[in-house]
2 protein chains.
Amino acid sequence: MSSTRDIDALIELMAKLPGLGPRSARRAVLHLIRKRALLLSPLADVMQTVAATARECLNCGNVGTADICDICDNNKRANGELCVVEDVADLWAMERSGVFKGRYHVLGGTLSALDAIGPQELRIPRLIDRVQSEEISEVILALNATIDGQTTAHYIADQLEGRVRLTSLAQGVPIGGELDYLDDGTISAAMRARKDI
Amino acid sequence: MSSTRDIDALIELMAKLPGLGPRSARRAVLHLIRKRALLLSPLADVMQTVAATARECLNCGNVGTADICDICDNNKRANGELCVVEDVADLWAMERSGVFKGRYHVLGGTLSALDAIGPQELRIPRLIDRVQSEEISEVILALNATIDGQTTAHYIADQLEGRVRLTSLAQGVPIGGELDYLDDGTISAAMRARKDI
């Protein structure tokens, strides 16, 4: 007696991933089964490892495979700059740009009255601790340019005012951006922050 | 010393799935790490199981976890009807419709001169064997309505002509389809096959 129960369970779990629905999960699982030696087995192995070892850095909230993440563990990055981001995806995006050489603090979301997320639900108390205990000279608020992101930035700025230099990312026309496709808010911000050539 | 090597490896493997690119793979992996107890561990476990047990049915080419798949193993489905499909995704689509009660034969692709795929590369010899050795009364060619699919259907029809009743799926307007959005070929086919009400 044979069974496809495991295959169905695999499709069901894959369909829970963001960006995949039942249809694309079926396609992915068929692809995995066709390439079971090259793709499915290695993927299962590395998932087991990550499931066993992945954790959030106790210091900054980044994900890694140890209690303290690579960045917090690297003394070269203790340059006094602390970049505050909403979540790990934002941290990864900053790291890909390669422009920031300091350390991070991952809030784990934004303040939201609707969803009852207050400062205690985020890593804001820990951020204030870090500014006091580590030698931080500048806090860069790299939060998303959304209402919730900016509300959170204002709250943090209020808490830290006077203790440390506070900066935020510049707003303007993105590289490669076409004016015709930009929203009015971005154009206004870029105009107000215009620079001499 | 901590390391994100395993997490990077997981992202790289996930990005190889159809429908996922580097960006959506990163999103999926962050989601998995956040839900590591509820989603990542069960997914890793079921992937291990499927990697160890999944195989193609020796009889029809369907995927399952035994040498003979559920459908070939089920005597109730030996009703003399054999539905020929291109791949397992098509078999699953037929099964979801619930309308077909016979057995399947999965070709594993279509004939293609460009890609040098001849009858020997597909399960066509095995299909001819099955028509002779099993008590097959009707072969339904449920191949895709593409050039390659229809070429393959013609080839199989030539091989089996006179030995068994050969049918193909009806062509016409899909349920819920709007004429304005249908291609000319479908409208022509639906018109030629028009029925009395």
Side-chain angles (χ1 to χ4, degrees), chain A residues 1-7 9-14 16-21 23-57 62-70 72-73 87-89 92-93, chain B residues 1-7 9-14 16-21 23-57 62-70 72-73 87-89 92-93:
Chain A
M1 182 60 198
S2 70
S3 162
T4 58
R5 205 164 17 95
D6 294 321
I7 296 174
L10 180 54
I11 293 170
E12 208 173 295
L13 285 170
M14 290 291 286
K16 290 184 182 170
L17 291 179
L20 289 182
R23 190 186 160 78
S24 41
R26 283 194 298 268
R27 259 183 77 211
V29 167
L30 271 182
H31 185 81
L32 283 170
I33 291 176
R34 271 190 216 112
K35 308 213 163 189
R36 50 195 176 275
L38 272 172
L39 189 52
L40 182 54
S41 294
L43 189 56
D45 289 343
V46 77
M47 273 195 183
Q48 293 276 21
T49 313
V50 171
T53 60
R55 65 198 70 188
E56 277 154 12
C57 173
N62 184 13
V63 298
T65 48
D67 282 340
I68 299 296
C69 74
D70 285 349
C72 288
D73 199 51
D87 60 32
V88 177
W92 287 354
Chain B
M1 183 60 199
S2 69
S3 164
T4 58
R5 205 163 15 97
D6 294 321
I7 296 174
L10 180 54
I11 294 171
E12 206 172 298
L13 286 170
M14 290 291 286
K16 290 185 182 169
L17 291 178
L20 289 183
R23 192 187 159 77
S24 42
R26 283 195 298 267
R27 260 182 76 210
V29 168
L30 271 183
H31 184 81
L32 283 169
I33 291 176
R34 270 189 217 112
K35 308 214 164 190
R36 50 194 176 274
L38 273 171
L39 189 53
L40 182 54
S41 293
L43 189 56
D45 289 344
V46 78
M47 272 193 184
Q48 293 276 19
T49 314
V50 171
T53 60
R55 65 199 70 188
E56 276 154 13
C57 174
N62 185 13
V63 298
T65 48
D67 283 339
I68 299 296
C69 75
D70 286 348
C72 288
D73 198 53
D87 61 33
V88 177
W92 287 355

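Proteins come first, then strands; the chains are lettered A, B, ... in the order of their sequence lines, and each starts at number 1.
Atom NE2 in B/H31 sits 10.5 Å away from atom CG in A/L20 (nearest 0.5 Å). How far CG of B/D45 is from CG of A/L13: 9.5 Å, rounded to the nearest 0.5 Å. Separation of atoms OG (A/S41) and CD (B/Q48) is listed at 7.5 Å; rounding is to 0.5 Å.
Proximity to chain A is limited to the side chain of B/D87, based on heavy atoms less than 4.5 angstrom apart. Both the backbone and the side chain of B/L10 have a heavy atom closer than 4.5 Å to some heavy atom of chain A.
Of the listed residues (A/L43, A/T53, A/L32, A/N62), the one with the most heavy-atom contacts under 4.5 Å to chain B is A/L43.
The two atoms that bring A/M47 and B/A44 nearest to each other are CB-CB, 3.6 Å, heavy atoms only. Scanning all heavy atoms of the two residues, the minimum distance from B/A54 to A/I33 falls at CB-CG2, 4.0 Å. Contact detail for A/A28 and B/L17: the closest heavy-atom pair is O-CD2, 4.2 Å. Annotation for A/T4 and B/G64: closest pair CG2-CA, 4.1 Å, computed over non-hydrogen atoms. A/A89 approaches B/L30 most closely through the heavy-atom pair N-CD1, 3.3 Å.
Only one option out of A/V88, A/V63, A/T49 pairs with B/I7 in a side-chain contact (heavy atoms from CB on, under 4.5 Å); it is A/V63.
Judged by distance alone, with hydrogens and angles left aside, the side-chain atoms of B/R27 form no donor-acceptor pair with the main-chain N or O of A/P18 at under 3.5 Å.
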